[in-house]
Amino acid sequence: MKETRKGMLLVISGPSGAGKGTLVERLLNKDPSFCFSVSVTTRGRRKNEIEDVHYHFISEAEYDKLLERDAFLEHASVHGHRYGTLKSEVYERMNRGQNVLLDIDPQGARAVMEKEPQCVSVFILPPSYSELKVRLHTRNTEQPEEIERRLNNARWEIAQMDRYRYLIVNDDLDLAFSQLQAVVRAEKQNSVRFFPQIGE
Ligand code: ADP
Ligand code: 5GP
């Protein structure tokens, strides 16, 4: 049996602190068919972040140049900083049959869903707003005012969840991850991207 595959564009979104990064990292470690689309951002690097692995950290001027060159598949201002997905991180890989994973905010996810209707969109929810707050404080990567801003934005972001093909509540991490794997497993067999050629 011969088979060809078109790459899957997996869009993971949800409020800050829901556990997107945690789930994304697990999936990347477990499933070598996925590569991560490294976004550009104008926000400063956190202590645990690696340049060109977590983000391409760039200046406002560099960001403006990318905008002028039409380099973005999508871009958005999120929690006061600018973020964007580069077309160059996505299309060449998908055309080679690789699966590409985006971890982007709901504004960006909406733009990608419109441009690429066959993308697989997954929204990650926390079990409650109070747990979201606990997680953002426990992660301890933002100042209290920044955490407040992210919690306020979470209300609007969660109101958008019905736009997504799949919803996962990340309460128990192992259960949430197995649900994400189930989505991926099913979507790999979707006839929009899987083309088996059976023998005579
Ligand atoms: P996001 O990428 O959505 O902003 P993170 O993956 O950084 O969120 O997770 C936020 C914090 O919550 C991290 O400290 C992470 O370890 C923790 N976390 C993630 N999933 C769970 C879970 N299911 N239960 C408890 N804590 C979690
Ligand atoms: P953080 O600053 O915590 O890394 O990310 C803040 C938010 O920006 C998260 O919701 C994350 O998914 C989103 N984000 C990261 N990269 C991009 C991107 O390229 N485009 C958009 N629209 N959002 C992004």
Side-chain angles (χ1 to χ4, degrees), residues 9-29 36-58 62-63 66-67 71-90 100-116 119 121-143 146-158 160-161 163-164 167-180:
L9 184 58
L10 178 62
V11 180
I12 307 254
S13 196
S16 184
K20 301 181 295 297
T22 307
L23 289 164
V24 161
E25 202 177 310
R26 271 206 190 189
L27 184 61
L28 291 170
N29 286 334
F36 183 61
S37 161
V38 180
S39 295
V40 301
T41 182
T42 59
R43 108 159 141 64
R45 191 172 66 80
R46 294 175 187 147
K47 277 199 301 279
N48 62 327
E49 286 177 329
I50 303 165
E51 167 76 40
D52 299 333
V53 172
H54 295 99
Y55 285 105
H56 304 296
F57 296 96
I58 62 171
E62 286 170 315
Y63 192 98
L66 290 169
L67 265 180
F72 291 124
L73 165 57
E74 64 72 36
H75 58 90
S77 283
V78 190
H79 318 309
H81 303 286
R82 295 197 288 174
Y83 298 79
T85 304
L86 294 169
K87 290 177 188 166
S88 58
E89 293 276 331
V90 175
V100 179
L101 200 165
L102 308 184
D103 171 352
I104 59 177
D105 93 301
Q107 305 168 75
R110 188 174 174 177
V112 174
M113 286 186 247
E114 276 165 20
K115 278 193 191 160
E116 300 294 338
C119 75
S121 56
V122 180
F123 192 82
I124 309 294
L125 287 147
S128 64
Y129 287 101
S130 54
E131 172 65 12
L132 191 63
K133 188 171 183 174
V134 168
R135 287 186 192 172
L136 284 172
H137 282 282
T138 313
R139 188 172 71 184
N140 199 24
T141 49
E142 274 80 27
Q143 297 300 315
E146 177 62 27
I147 290 180
E148 268 317 298
R149 188 211 285 246
R150 288 176 181 234
L151 287 170
N152 288 333
N153 289 345
R155 300 264 165 188
W156 173 85
E157 291 172 335
I158 289 173
Q160 314 287 307
M161 69 178 167
R163 297 178 188 278
Y164 292 76
L167 303 177
I168 293 178
V169 180
N170 177 24
D171 189 356
D172 177 90
L173 182 60
D174 289 336
L175 176 61
F177 183 61
S178 72
Q179 290 167 341
L180 179 61

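This is a predicted model, so every value here is computed, not measured. As the structure lists them, so they are numbered: ligands from 1, and atoms in each ligand from 1.
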* Asked: Nearest protein heavy atom to atom 18 (N) of ligand 1, by residue and atom, and its distance?
  -> R135 CD, 4.0 Å
* Please work out whether any backbone atom (N, CA, C, O) or any side-chain heavy atom from C-beta onward of P15 is under 4.0 Å from ligand 1, and answer side chain, backbone, both or neither. => backbone
* Asked: Does R155 make a cation-pi contact with Y129, if we ask for NZ or CZ under 6.0 Å from the ring centre and within 45° of the axis?
  -> yes
* Asked: Looking only at non-hydrogen atoms, which of I124, T22, L23 approaches atom 6 (O) of ligand 1 most closely?
  -> T22
* **Sub-4.0 Å atoms of ligand 1 with respect to non-hydrogen atoms of S16** => 4 (O)
* Structure fact -> With heavy atoms and a 4.0 Å threshold, my read on which part of D171 contacts ligand 1 is backbone
* In the protein, what heavy atom is nearest to atom 9 (C) of ligand 2, and what distance, to one decimal place, separates them? -> K20 CE, 4.2 Å
* To do: Assess E157 for proximity to ligand 2: is some non-hydrogen atom of it under 4.0 Å away?
  => no
* Classify the ring geometry between Y164 and F123 as parallel (under 30°), tilted (30 to 60°) or perpendicular (over 60°). => tilted
* Sub-3.5 Å N/O-N/O distance, E142 and ligand 2 -> no
* To do: With heavy atoms only and a cut-off of under 4.0 Å, state how H75 meets ligand 2: side chain, backbone, both or neither.
  => neither
* Asked: Does the pair D105/K20 count as a salt bridge with the N-to-O cut at 4.0 Å?
  -> no
* From the options N153, L136, I104, select the one whose nearest heavy atom is closest to atom 24 (C) of ligand 2. => I104
* Asked: S128 and S130: side-chain hydrogen bond (donor to acceptor under 3.5 Å, both in side chains), yes or no, with the steps?
  -> CA-CA 5 Å; S128 64; S130 54; 3.2 Å; yes
* Asked: Among G21, P126, G17, S13, whose heavy atom sits nearest atom 2 (O) of ligand 1?
  -> G21
* **Residue selection (non-hydrogen contact nearest atom 1 (P) of ligand 2) among R82, H79, R110, R46** => R46
* Asked: Do F72 and Y83 have their ring centres less than 6.0 Å from each other?
  -> no
* Within the structure, does Y83 bring an N/O atom to less than 3.5 angstrom of an N/O atom in ligand 2? -> yes
* How close does the nearest protein non-hydrogen atom get to atom 20 (N) of ligand 2, and which residue and atom is it? -> E74 OE2, 2.7 Å
* Do ligand 2 and R43 have nitrogen or oxygen atoms that lie under 3.5 Å from each other? -> yes
* Asked: CZ of R150: more than 12 outside heavy atoms within 6.0 angstrom?
  -> yes
* **Taking atom 16 (N) of ligand 2 as the reference point, the nearest protein heavy atom with its distance** => S39 OG, 3.3 Å
* **Non-hydrogen atom of N170 closer than 4.0 Å to ligand 1** => yes
* Which residue owns the protein heavy atom closest to atom 4 (O) of ligand 2, what's the atom, and how far is it? -> Y55 OH, 2.5 Å
* Asked: Relative to the heavy atoms of A76, which atoms of ligand 2 are at a distance of less than 4.0 Å?
  -> 22 (N)
* Structure fact -> Here the atoms of ligand 2 under 4.0 Å from any heavy atom belonging to V78 are 7 (C), 8 (O)
* **Atoms in ligand 2 with a heavy atom of G108 nearer than 4.0 Å** => 22 (N)
* Structure fact -> atom 12 (O) of ligand 2 sits nearest the protein heavy atom D103 OD1, 2.7 Å
* Going by the salt bridge (Lys or Arg N to Asp or Glu O under 4.0 Å) test, name the single residue among R43, R46, R149 that passes it with E142. => R46
* Asked: Nearest protein heavy atom to atom 14 (O) of ligand 1, by residue and atom, and its distance?
  -> R139 CB, 3.7 Å
* Within the structure, does E131 bring an N/O atom to less than 3.5 angstrom of an N/O atom in ligand 1? -> no
* **Identified side chain to side chain contact (heavy atoms under 4.5 Å, CB included) counterpart of L102 within the set I12, L10, V24, V112** => V112
* Asked: Taking atom NZ of K133 as the centre, does the number of heavy atoms from other residues, nucleotides or ligands within less than 6.0 Å exceed 12?
  -> no
* How far is atom 23 (N) of ligand 2 from its nearest protein heavy atom, and which residue and atom name does that atom have? -> D105 N, 3.0 Å
* Heavy-atom count around E25 CD within 6.0 Å, excluding the residue itself: above 12? -> no
* Note the single closest protein heavy atom to atom 8 (O) of ligand 1, along with its residue, its atom name and the distance in Å. => G19 N, 3.1 Å
